[in-house]
Amino acid sequence: MQAKKRYLILFSAGACFILLFCFGGIQVPLSRRGPSRRDDRSLNGYHPAARDDHNEHISPRQKRDANSGVYIGKRCRMESCFDFSLCEKNGFKVYVYPQQKGEKMSESYQNILSSIEGSRFYTPDPGQACLFVLSLDTLDRDQLSPQYVHNLKTKIQSLPLWNGGKNHIIFNLYSGTWPDYTEDLGFDIGLAMLAKASISTENFRPNFDVSIPLFSKDHPRTGGERGYLKHNTIPPYRKYMLVFKGKRYLTGIGSDTRNALYHVHNAEDVVLLTTCKHGKDWQKHKDARCDKDNAEYDKYDYREMLYNSTFCLVPRGRRLGSFRFLEALQAACVPVMLSNGWELPFSEIIDWNTAAVIGDERLLLQIPSTVRSIHQDKILSLRQQTQFLWEAYFNSVEKIVLTTLEIIQDRVLQHTSRSNLMWNSLPGGLFTLPQYSTYLGDFPFYYAKLGIKPYSKFTAIIHVVTPLVSQSQPVMKLLVAVAKSQYCAQVIVLWNCDKPLPAKHRWPATSVPVIVIEGESKVISSRFLPYDTIPTDAVFSLDEDTVLSTTEVDFAFTVWQSFPDRIVGYPARSHFWDSNKERWGYTSKWTNDYSMVLTGAAIYHKFYHYLYTTYLPVSLKTMVDQMSNCEDILMNFLVSSVSKLPPIKVTQKKQYKETMMGQSSRASRWADPDHFAQRQTCMNKFASWFGTMPLIHSQMRLDPVLFKDQVSILRKKYRDIERL
């Protein structure tokens, strides 16, 4: 009996010893040698998964998350890892660290920083900043890449404003390297946000990180090309139903899906081509299909396939994302996604179900039948949405960067964030600024969707630059004619004259209020300020020497009510490309073609006043003010850039300026020989900032019904127009 007790005690003691050993309670030296390199790092305070001395007390689950996670702040959200107080005083401002001497920087990263510095968010003062961007190039973290920046961890940690990464955003396109291509950036990003391409849903931190598209080094910084879809074809089918042309990986990550594409390829309407001829040692790994695949691959032109296919397959490569995604969007080829686990670009704001087909890598053989089953109405809708998204958010580095910043701003200023409809319909979230309004009905783009119409009155703004010396001056005639309009709510006289304001009794008596205000700093851009005294949706912009009758005013406003997102008016001008001088030209010749309607006699939505003031850079507005010229051209650039449509010209009229004005008057700038040359310069300066030429030619002119027809004048509503 005593022996059994002794055996039981020994057995219990042995079991306890084993349990203590397994759970780390007893440290057993496994070697008589000194500490290893890993031990040295621990002795020196290096803790790969923790920042303090309490690491040994965290739970096994926390240890597992820390070791398996790509970043320490894996559970970060805006509420836990972002300091909102930095944004309270100065709003959403972004600071870019000054570039350090000797640090190399890729062209793509330089484009990102330039886009931020040229935006309305930028501040050179870190004390005013809400968000910080590194000047150290973090785009390419593939150690085999020549763009890889070494010792990034030490360099970042030494930055005085780093603060553990709080309120910082890090841009990255490539992470990891052969063979597994993990999402590890090679340094601890701390509490910083990631704007990352090819990020997985597993590592993506919702409401904190931003998934961005993978773009090439040739992606334009500003402007960007328009989408390929020039007109809709009904039915919306092309030569091919589904295409793909790209590399086939014989070994390693990303090889499974592309290796199986030949099962679906039929060489007719489903053309899926791969080649294994890439890399230095591809012949060492070539399989029995390589030669046949390579021969078939060389028979087809990639661009021809892209632009002549209804659907484009976008399978994963070594990483989850690929350049093919943006190429398909631009080509109006509906992307068919085969990249399980990829957090699609800007998924926080974009509804990708309206522009792409989300497939499953495990169900590759079902893809052809799936796309064939999509109705032609749905295909047309998908294709149109690809064009909108491409031009709104993806066709330049600047738009990718600004979209990223706008997303973060919406998180910071949640009370003025954009709705899903604003992000996913024309003109897009970059133009529908929530600081103007969060109600869709206050913008000129959503009346049809909401089933409403713009307010049935307008506010006239008459820009005055000459002193009031006579009751017979053109501005007096204009004021009376406009005030008689049945649609006029009030008249604002913008006094930009150097002389003092005239007394109230000097202005004619009218049936609508006449408000006289002094222009801010007497500059010409003040005519486009978002004045609180404008109660209507429509603004009728007028120069003081404009000649219009009440009937013409009524007709122009009636036309505008059908086109509230465009400029509608009388004096038209056009632009052209001068191939000899290789620059844009401006012409006032009378032709059937026009691309601008001057704001000396035009109606537009008051939202464009706000956009002109807040969206356009100070440099362009300063240029306009210094010359006292081109403000009308700049407004046309802005409106066409937003609407992607030309202005509307109403009834032809050869005279809309008062000929009695003295040639010495400031209003007679049309007679200034420098005036025309300045406008040529403006065209090219504006096109340079926009990165493209947004103006669109049109030959449409809207006249009253029965205009100039040989019928009784009594049958015509706007009969007075024909007498002018």
Side-chain angles (χ1 to χ4, degrees), residues 37-38 40-41 44-51 66-74 76 81-82 94-117 126 129 131-200 203-205 208-212 214-215 217 318-321 397 400-401 404 408:
R37 290 186 179 181
R38 182 168 182 172
D40 285 336
R41 291 189 300 193
N44 292 327
Y46 176 85
H47 301 286
R51 294 187 169 192
N67 290 327
S68 63
V70 179
Y71 345 107
I72 285 183
K74 189 177 181 181
C76 270
C81 297
F82 192 88
V94 184
Y95 173 75
V96 177
Y97 283 80
Q99 187 172 353
Q100 300 178 12
K101 290 184 178 180
E103 288 293 341
K104 63 180 181 180
M105 184 180 295
S106 65
E107 183 179 354
S108 294
Y109 198 64
Q110 183 61 60
N111 287 340
I112 288 176
L113 299 188
S114 297
S115 298
I116 297 173
E117 291 169 347
L131 188 68
F132 298 82
V133 179
L134 302 176
S135 62
L136 296 167
D137 191 345
T138 57
L139 282 188
D140 195 339
R141 300 306 298 157
D142 186 338
Q143 296 179 16
L144 301 179
S145 170
Q147 301 292 341
Y148 182 81
V149 177
H150 295 273
N151 303 319
L152 202 54
K153 175 183 176 182
T154 304
K155 295 173 182 177
I156 291 176
Q157 295 294 338
S158 64
L159 296 173
L161 301 173
W162 176 241
N163 190 27
K166 183 167 285 192
N167 287 53
H168 283 66
I169 184 167
I170 293 172
F171 288 88
N172 176 256
L173 295 180
Y174 307 98
S175 61
T177 189
W178 173 266
D180 49 6
Y181 293 93
T182 66
E183 295 179 36
D184 185 10
L185 301 188
F187 65 95
D188 175 19
I189 69 169
L191 305 179
M193 290 179 280
L194 264 182
K196 189 179 186 325
S198 306
I199 191 170
S200 65
N203 289 317
F204 181 76
R205 297 169 292 180
F208 195 69
D209 293 331
V210 179
S211 177
I212 63 174
L214 183 66
F215 58 87
K217 62 180 181 180
R318 292 301 193 191
R319 299 175 178 87
L320 292 172
V397 175
I400 293 172
V401 171
T404 301
I408 299 172

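Owing to the predicted nature of the structure, the values given are computational and were not obtained by experimental measurement.
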Shortest non-hydrogen contact from [X] toward [Y]:
| X | Y | value |
| --- | --- | --- |
| Ser211 | Phe204 | N-CE1, 3.7 Å |
| Leu161 | Phe132 | CD1-CE2, 4.1 Å |
| Ile212 | Ala195 | CD1-O, 3.5 Å |
| Phe215 | Tyr174 | O-OH, 4.4 Å |
| Pro98 | Ser135 | O-OG, 3.0 Å |
| Ile116 | Val401 | CG1-CG1, 3.5 Å |

Counterpart residues, side chain to side chain contact (heavy atoms under 4.5 Å, CB included), relative to Tyr148 (two or more places apart): Arg141, Gln143, His150
Only counting residues at least two apart or in another chain, list the ones meeting side chain to side chain contact (heavy atoms under 4.5 Å, CB included) with Thr138. Tyr109, Leu134, Leu152, Ile170, Phe187
Just jot down the side-chain hydrogen bond (donor to acceptor under 3.5 Å, both in side chains) partners of Ser106, sequence neighbours excluded, or say none. Asp137
Asn111: side-chain hydrogen bond (donor to acceptor under 3.5 Å, both in side chains) partners, not counting sequence neighbours: none
Supply the atom-to-atom distance [X] [atom1] to [Y] [atom2], rounded to the nearest 0.5 angstrom.
| X | Y | atom1 | atom2 | value |
| --- | --- | --- | --- | --- |
| Cys81 | Arg205 | SG | CZ | 7.5 Å |
| Glu117 | Ile112 | CD | CD1 | 12.0 Å |
| Lys153 | Ser158 | NZ | OG | 12.5 Å |
| Asn163 | His168 | CG | NE2 | 8.0 Å |
| Met193 | Asn167 | CE | CG | 6.5 Å |
| Asp142 | Leu173 | CG | CG | 12.0 Å |

Under 3.5 Å, side chain of [X] to main-chain N/O of [Y], donor-acceptor pair present?
| X | Y | result |
| --- | --- | --- |
| Glu183 | Ser200 | yes |
| Arg319 | Ser175 | yes |
| Asn172 | Leu139 | yes |

For Ile169, run the side-chain contact (heavy atoms from CB on, under 4.5 Å) check against Leu194, Leu131, Asp209, Ile189 and tell me which one passes. Leu131
Can you sort out the partners of Asp140 under salt bridge (charged side-chain N to carboxylate O under 4.0 Å, His left out), two or more places apart, ordered by chain and number? none
Is the shortest side-chain heavy-atom distance between [X] and [Y] below 4.5 Å?
| X | Y | result |
| --- | --- | --- |
| Glu107 | Lys217 | no |
| Leu113 | Met105 | yes |
| Tyr97 | Leu136 | no |

Quick note, salt bridge (charged side-chain N to carboxylate O under 4.0 Å, His left out) partners involving residues 154-166, not counting sequence neighbours, are Glu103-Lys155
